[in-house]
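Step one of this worksheet: look at the structure below.
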Amino acid sequence: MGLELGADDYVTKPFSPRELLARIRAVLRRFKADVVGPGRGSAPRAYRFAGWELNVRLYRLNSPKGSRVEISRGEFGLLRALLSSPQRILTREQLLELTHIDSMEVYDRSIDTQIMRLRRKIEADPAAPRFIRTERGTGYYFDAPVSAVR
């Protein structure tokens, strides 16, 4: 009856907190898809920072020297999420949502591994990162000016 009256979902008792969170995330994903989906129009075709370029349409990362840098699909999604919100701290959970990795059975620590791999590819000194910075106990942020190419 609740669904017929317009509810998006419901949970019967007894329920587990894990199931409740999964259902909340699913509703939020559907809501974001409706809001951000078809009407966004002017999505960037590329992001540029410090001579680097991430081409969103071609799924390519080019170094300041002009050479193509091979990155995995997960690394690409993570870098795009960070570049779309520069100087803004993103939690592991937000990064999982933004990269759509949460559709698989993945732990939030997988973000740490992908950050480490990305740093090896774009940082001059991965041990002292200049671009992808860690906010201890909170998450990560991209600490460089970013321009969006439309």
Side-chain angles (χ1 to χ4, degrees), residues 7-37 40 42-65 67-150:
D8 287 325
D9 201 353
Y10 70 96
V11 181
T12 59
K13 290 183 183 178
F15 61 88
S16 72
R18 185 176 181 179
E19 178 186 3
L20 178 62
L21 283 173
R23 289 178 180 275
I24 290 170
R25 286 185 183 124
V27 169
L28 288 173
R29 275 194 306 272
R30 288 194 302 266
F31 176 76
K32 283 181 186 176
D34 289 344
V35 170
V36 177
R40 67 180 178 198
S42 64
R45 89 177 149 79
Y47 292 100
R48 291 187 181 143
F49 64 96
W52 291 85
E53 181 177 278
L54 182 72
N55 190 312
V56 176
R57 293 185 183 158
L58 299 176
Y59 290 88
R60 287 193 181 151
L61 176 64
N62 295 316
S63 75
K65 297 176 184 175
S67 61
R68 185 175 175 186
V69 177
E70 295 295 325
I71 59 175
S72 71
R73 195 169 147 197
E75 292 165 347
F76 176 86
L78 184 59
L79 185 56
R80 182 172 62 183
L82 289 166
L83 292 174
S84 66
S85 301
Q87 282 95 28
R88 181 174 157 229
I89 298 170
L90 299 171
T91 65
R92 286 180 185 90
E93 189 169 303
Q94 286 173 316
L95 289 169
L96 285 170
E97 275 185 40
L98 290 169
T99 57
H100 304 291
I101 296 173
D102 61 341
S103 61
M104 298 179 276
E105 190 72 28
V106 177
Y107 299 102
D108 65 351
R109 292 297 182 181
S110 65
I111 292 293
D112 299 335
T113 303
Q114 289 186 342
I115 290 284
M116 178 186 66
R117 290 179 184 155
L118 262 177
R119 283 178 173 160
R120 287 181 189 158
K121 294 175 182 181
I122 67 171
E123 301 280 0
D125 180 8
R130 190 177 110 199
F131 300 128
I132 302 173
R133 308 290 296 262
T134 304
E135 185 65 31
R136 195 166 179 88
T138 307
Y140 298 97
Y141 64 100
F142 199 83
D143 193 22
V146 176
S147 63
V149 179
R150 303 221 182 259

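Along the sequence shown, residues are numbered consecutively beginning with 1.
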Answer yes or no: is there a side-chain heavy-atom contact under 4.5 Å between [X] and [Y]?
| X | Y | result |
| --- | --- | --- |
| Leu96 | Ser110 | yes |
| Leu82 | Leu98 | no |
| Leu61 | Ile122 | yes |
| Trp52 | Pro64 | yes |
| Thr134 | Ile115 | no |
| Leu78 | Tyr140 | no |
| Phe142 | Leu90 | no |
| Tyr141 | Arg133 | yes |

Looking only at non-hydrogen atoms, find the nearest pair between [X] and [Y] and report the distance.
| X | Y | answer |
| --- | --- | --- |
| Ser84 | Pro86 | C-CD, 3.5 Å |
| Ala50 | Arg130 | CB-NH2, 3.5 Å |
| Thr12 | Phe15 | O-CB, 3.5 Å |
| Phe131 | Ala144 | CD2-CB, 3.7 Å |
| Thr99 | Ala81 | CG2-CB, 4.4 Å |
| Arg150 | Ala43 | NH1-C, 3.5 Å |

One pair to check against salt bridge (charged side-chain N to carboxylate O under 4.0 Å, His left out): Glu93 and Arg25. What are the steps and the verdict? CA-CA 11 Å; Glu93 189 169 303; Arg25 286 185 183 124; 3.2 Å; yes
Gap between atom [atom2] of [Y] and atom [atom1] of [X] - 0.5 Å precision:
| X | Y | atom1 | atom2 | value |
| --- | --- | --- | --- | --- |
| Leu79 | Leu54 | CG | CG | 5.0 Å |
| Leu95 | Gln114 | CG | CD | 9.5 Å |
| Ile132 | Lys121 | CD1 | NZ | 11.0 Å |
| Leu118 | Glu75 | CG | CD | 5.0 Å |
| Leu58 | Arg45 | CG | CZ | 9.0 Å |

Output yes when Glu70 and Arg68 qualify as a salt bridge under the 4.0 Å nitrogen-oxygen rule, no when they do not.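 Salt bridge flag = yes for Arg68 with Glu70.
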ring-ring contact (aromatic ring centres under 6.0 Å, His included) partners for Tyr59, two or more places apart: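 Tyr59 satisfies ring-ring contact (aromatic ring centres under 6.0 Å, His included) with Phe76 only.
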Applying side-chain contact (heavy atoms from CB on, under 4.5 Å), can you list everything that pairs with Ser16, at least two apart in sequence or on another chain?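 side-chain contact (heavy atoms from CB on, under 4.5 Å) check on Ser16 returns Arg18, Glu19.
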Identified salt bridge (charged side-chain N to carboxylate O under 4.0 Å, His left out) counterpart of Asp112 within the set Arg117, Arg92, Arg119: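 Exactly one candidate clears the test, Arg92.
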